[in-house]
Protein chains: 4
Amino acid sequence: MERRIRTYSTDEGLVKSRRVQLALYAAEMFADKGYHNTTVQEIGDACGMGKGTIYHYIGTKEDILRLIESKATVLWEGFFEEGLANFDKMSATETLRHCVEDFCRRVDKYPSFTRFWYQEIRYAPPEVQRAIREWDTRAVALFEKILAKGCMSGEFKVDDITMVAHIIVSGGEMWAVKRWFLRKHFTLKEYISAQVKMTLRLVCANECIVKAG
Amino acid sequence: MERRIRTYSTDEGLVKSRRVQLALYAAEMFADKGYHNTTVQEIGDACGMGKGTIYHYIGTKEDILRLIESKATVLWEGFFEEGLANFDKMSATETLRHCVEDFCRRVDKYPSFTRFWYQEIRYAPPEVQRAIREWDTRAVALFEKILAKGCMSGEFKVDDITMVAHIIVSGGEMWAVKRWFLRKHFTLKEYISAQVKMTLRLVCANECIVKAG
Amino acid sequence: MERRIRTYSTDEGLVKSRRVQLALYAAEMFADKGYHNTTVQEIGDACGMGKGTIYHYIGTKEDILRLIESKATVLWEGFFEEGLANFDKMSATETLRHCVEDFCRRVDKYPSFTRFWYQEIRYAPPEVQRAIREWDTRAVALFEKILAKGCMSGEFKVDDITMVAHIIVSGGEMWAVKRWFLRKHFTLKEYISAQVKMTLRLVCANECIVKAG
Amino acid sequence: MERRIRTYSTDEGLVKSRRVQLALYAAEMFADKGYHNTTVQEIGDACGMGKGTIYHYIGTKEDILRLIESKATVLWEGFFEEGLANFDKMSATETLRHCVEDFCRRVDKYPSFTRFWYQEIRYAPPEVQRAIREWDTRAVALFEKILAKGCMSGEFKVDDITMVAHIIVSGGEMWAVKRWFLRKHFTLKEYISAQVKMTLRLVCANECIVKAG
DNA sequence: CATGAATGAGGTTTCATTCAT
DNA sequence: TATGAATGAAACCTCATTCAT
C-alpha cells in the first residue's frame, strides 16, 4: 500500500527513513490532538522538516494515515508467527499466557497506534480502515486458535471462543485507549498480570458454578 | 454547562427543543462521519434548520459537542439510582446481572454516544472531555460498589475490584465501538448474555484454580 | 455545461447573475494578464466579491474558464441564424459582406473572448477546448455555405472554399489578437472595410490573371 | 538580451549549448502544455539535465522565455536578408512568392515558436514581449517593402499595403496556430500554394471589379 | 560541474460565523 | 424568528529557487 504513495525522491532509503519519521511523529500527534487539529506545518516542525519537504515523500496529508497504518507491520512483527511457533512444545495455557502478555506489551510499546485506530480511523481512506480492522481481526483469530486448541486438549472449557478472544484483544487495547484511567490504578506489569489472570479464569476447565444464566 | 451556551432566543422552551434536536442529529453524524467531516450546513440540513438558525441556539460549532455531552444525562437517566435502589432487596449477583444488562442496553440504545466519546472526544473542549470521562468513571464506580458488596456478603471473590469493574464497562462499550465486528457474530441478546456470564465467571466465589499469576 | 458547476446557492437568478459578472471580469483579466497571473482574490476584488463568495458560485478556478466559454453564446447570439436568414432575399455578395462585417463587430465587442481563446485555451479543460473550437468551426462553416452559394449563382469563383472561409474568420479574429499592431494603423471601420474589400477580391468571379502558380 | 542572464559557468561554449538545448525543449513544452503547466523539473527531465544544473545557466524560470525569444534569430536567420538580396534580379511577383513560401516554411519548421508567441507571450517579461512583436513587425515591414516595389513597378495594385502585409504574415502564422483545423484540410504544400495564390490575387494589377467598398 | 534534497512563499479551497433581510 | 449570502482566516499543496555534497 505504501508503494503507491507519491514521492519526488528516487533515493529509496531516504524515502523509507523519512516516512518512518513522519509516521512516528504523526501517529503520536494524531493520537494526542486528532488528525484535523494537527497541521502539516506542525508535523513538519515536530520532525524537523519543512512543510515542503514533507510533500517530497507523500502526496497528500491523508497519505500520512497510510504510512501510519503500514507501520503496523512493525508493531505486529513476529506476533502472529511466534504465537503459534511453539504450539507443540507448550501447553495451550502457556501459549495463551505468552500471547496475552506479548499483546499487551506491544500495545504498550506503541500506544499511539492503538489510540489512533480507535479514534482516527474514520478519517482514513477506506483501504486503510479495512487494513487496520484486518489486524484486529487477525489478532482475534490468533486467540481463537489458541483457545480452540486448549479446548480440544481439555485444558480449557469455553462456551464462546470468539467472544473470549474478542475480550482478550479489547482488554489489551484498552491499556492504550483508557490510559487516563488505567494508569491511575495500575502499572503495566499489574495490568498484564491482571489480564492474564482474568483470561485464565474465563477459560479454565473446572468452571465455577454460575448460579443463573 | 449547557447554561453558558450563547443563545439569541428568550423562549426557553424553544431553546431546549432546538438543542435536543441538534444534539441528537449531530451525535449521529459525528459518530458516522466525524466532527470535522460534518459541516454546520449538513447538520442544519439534517435537522431542517437553516445554517443561520443554528447560530441562534449555539455560539460555536464546538458548543454542539457540549450539547451532546449534556444529553448524556438522558442516556444515563436512572441508571445509577436504580442500580443501587434495590440493593437491599436483591442479592449482589442479581444486582450485578441487572446492571450489566441495563448498561449494555443503554449503550445499544444510543450507540452514537459511546462511539462519539471514544472517537471524537479529543475535539471537545476540556470541560467536556472531563465530563464525559466522569460518566465513565461513575459507571466503573457503580460496579465497584456492587462488587464490593458481593465480596463482603461472600457471594463474590474478586482480587481486583477496579479491574473487573473496568472490564465490565469496557465490555459494554465495545458493543457500540466494535459494532462492525460484533454484529457479525452476535445479536444484542447474545452479547448481553455472554457479558453477564463472563462477568459472573470472573467474580464467582468458588474460583477455578489458576495455576499461575 | 454550465449546469454542472457546483454552487451552494439555490437562488437560480442570483447564481446566473453572479456568474455573468465573474465571466465578464475574468475574461478581461485573463486576456490581459493570463489565467495564471490572475488570482481568485484579484477577480474577487474586481467584481466586488469576497474570495469566499466566488466559491459559492463555482467549484474551482477552472470553472471560471467554463463560465467564460458559456458566455460565448451571448457573443454569437443570432450570428449564425441571421447570416442565413435572408439568404434568399440577398445576393451572396450582400450576405457575405454583411456577415464579414457582423463577425468583425462581434469580435470587437468582446475582444477579450477572442484573445482568451487564442491564448488561454490550453489551460481550459478539454470539453471547453472542444467547445471553443466548435464555435470557430461553425463560423468557418457559415462562410463556406455563403461562398458555396455564391459559386453556384455564378457571383463568386473560388478555388478552395474552406481556405477562403478560414482566412475570413482568422482575419476577423486578428482584430482582437493583434490589437497592439492593428490599432496603430486602422480604426475598426477601416479594418472592417478592408476585410470586406479583401474578401470580395478573393472571391470575385472575373478573376485577375495570376501569371504563375 | 541573452547576455544579461545569470550563469555560474565561465565556459562560454557550454553556456551556449546548454541554453540552446533549454530553449528548444522548453519552447516545445510551453507550446504544448503552457508555461505554467510546465515545471522546471520537467524541462530538466526532457533535456536530461538536473533541476539544479539548469540554474547554472539561467537565473530564473522567466529567463527561459528570454532564451526562447533569442532563439528566434535562428528561425529568422537569413529571412530578411535573402528576401531583399535579389530584389533587383527578380520581379516583385517572384520576390513576393518566394518570401511567402519561405515564411510559411519557417513557421512550419519551428511551429512551437509561433504558437508560443501567440499563446504564452503574456507570461514573458516586457522586453521579451516587445522583442517578439518586433520580429512580427519586421516581417510585416518586409512584405510592405516588396509590395511597395511591386506597386511602383506596376506589377501590383494595392490599396492598403500595410493591411495586405499583415494578412500575409498572419496567414503564415495561422499554419502553426490553427494546426488543429488546417492539418485536417491541407498539407503544408497545399497550404503554401493557397497562400501564394491568395496573395497574388490580392495584389494583382488587373483588379477584378469590386462593386462596393 | 552536476545533482537533487530542502525550503517557504504564494496560490487555491473550505467552512465556521456574521448579518442584513 | 428564520434564513442564506457574504466573508476571510486558516488549511493544504505546488513549485521555483537555493545550497551542500
Side-chain angles (χ1 to χ4, degrees), chain A residues 6-11 14-15 18 36-44 48-63, chain B residues 6-11 14-15 18 36-44 48-64, chain C residues 6-11 14-15 18 36-44 48-64, chain D residues 6-11 14-15 18 36-45 48-64:
Chain A
R6 188 200 67 189
T7 175
Y8 290 135
S9 170
T10 48
D11 181 338
L14 186 60
V15 172
R18 287 296 197 207
H36 286 282
N37 285 343
T38 310
T39 67
V40 174
Q41 180 69 248
E42 286 169 330
I43 297 173
M49 288 190 227
K51 210 187 344 174
T53 308
I54 291 180
Y55 282 94
H56 276 57
Y57 303 102
I58 58 167
T60 294
K61 190 186 177 190
E62 215 187 44
D63 283 338
Chain B
R6 188 199 69 188
T7 175
Y8 291 137
S9 169
T10 48
D11 179 339
L14 187 59
V15 172
R18 289 295 201 201
H36 284 282
N37 286 342
T38 309
T39 66
V40 174
Q41 178 69 247
E42 288 169 326
I43 298 173
M49 283 189 234
K51 212 184 344 175
T53 310
I54 290 180
Y55 281 90
H56 280 61
Y57 303 103
I58 59 167
T60 290
K61 190 186 179 191
E62 218 185 40
D63 284 338
I64 302 179
Chain C
R6 187 200 69 188
T7 174
Y8 289 136
S9 171
T10 48
D11 181 338
L14 186 61
V15 172
R18 286 296 197 209
H36 286 282
N37 285 343
T38 309
T39 67
V40 174
Q41 180 69 249
E42 287 170 328
I43 298 173
M49 287 191 229
K51 210 186 342 172
T53 308
I54 291 180
Y55 281 93
H56 276 56
Y57 303 102
I58 60 168
T60 294
K61 191 186 178 189
E62 215 187 44
D63 283 338
I64 302 180
Chain D
R6 188 200 70 189
T7 175
Y8 290 137
S9 169
T10 48
D11 179 341
L14 188 60
V15 172
R18 289 296 201 201
H36 285 280
N37 286 343
T38 309
T39 66
V40 174
Q41 178 70 249
E42 287 170 326
I43 297 173
D45 291 348
M49 281 190 235
K51 212 184 344 173
T53 310
I54 291 180
Y55 281 90
H56 280 61
Y57 304 102
I58 59 168
T60 291
K61 191 187 179 190
E62 219 185 41
D63 284 339
I64 302 179

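Computed from heavy atoms alone, side chains included, the values below leave out hydrogens, waters and symmetry copies. So you know, we letter chains A, B, ... as the sequences are listed, proteins then strands, and number each from 1. Bear in mind that the values here come from a model prediction, so they are computed numbers and not experimental data.
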If a stem is a run of at least 3 consecutive Watson-Crick or G-U pairs, both distances under 3.5 Å, which stems include DNA chain F?
E:2-21 with F:2-21
Starting at CD of A:Glu42 and ending at P of F:dC12, how long is that distance when rounded to a whole Å?
9 Å
For D:Asp11, is there any backbone N or O sitting under 3.5 Å from a side-chain donor or acceptor partner on D:Ser9?
yes
Identify, between C:Gly50 and B:Gly50, the residue whose nearest nucleotide on DNA chain F lies closer to the 5' end.
B:Gly50
Answer yes or no: is there a donor N or O on one side and an acceptor on the other, between the side chain of A:Arg6 and the main chain of A:Thr60, under 3.5 Å?
no
Separation of E:dT3 C1' from D:Ile54 CD1 (nearest whole Å):
11 Å
Distance col, row A:Asp63:CG vs A:Lys61:NZ, nearest 0.5 angstrom, shows 12.5 Å
C:Thr53: side chain to side chain contact (heavy atoms under 4.5 Å, CB included) partners, not counting sequence neighbours
C:Met49, C:Tyr57
Using atom CE of D:Met49 as one end and atom P of E:dG4 as the other, report the distance to the nearest whole Å.
13 Å
All side chain to side chain contact (heavy atoms under 4.5 Å, CB included) counterparts of A:Gln41, not counting sequence neighbours:
A:Thr39, A:Asp45, A:Lys51
State whether the side chain of B:Thr7 and the backbone N or O of B:Ile58 hold a donor-acceptor pair below 3.5 Å, judged by distance alone.
no
List for me each residue that meets side chain to side chain contact (heavy atoms under 4.5 Å, CB included) alongside A:His36, sequence neighbours excluded, and say none if there are none.
A:Tyr123, B:His36, B:Asn37, B:Tyr123
Among residues at least two apart in sequence or on other chains, which ones pass side-chain hydrogen bond (donor to acceptor under 3.5 Å, both in side chains) with B:Arg18?
none
Provide a list of protein-nucleic acid N or O atom pairs under 3.5 angstrom, restricted to nucleotides 15-17 of chain F.
| residue | atom | partner | partner atom | Å |
| --- | --- | --- | --- | --- |
| F:dA16 | OP1 | D:Lys61 | NZ | 3.0 |
| F:dA16 | OP2 | D:Val40 | N | 2.9 |
| F:dT17 | OP2 | D:Tyr55 | OH | 2.9 |
| F:dT17 | OP2 | D:Lys61 | N | 2.6 |
| F:dT17 | O4 | D:Lys51 | NZ | 3.4 |

Does a side-chain N or O of B:Tyr57 approach OP1 or OP2 of F:dA2 to a distance below 4.0 Å, or not?
yes
Side-chain N or O of B:Arg18 less than 4.0 angstrom from OP1 or OP2 on F:dA2?
yes
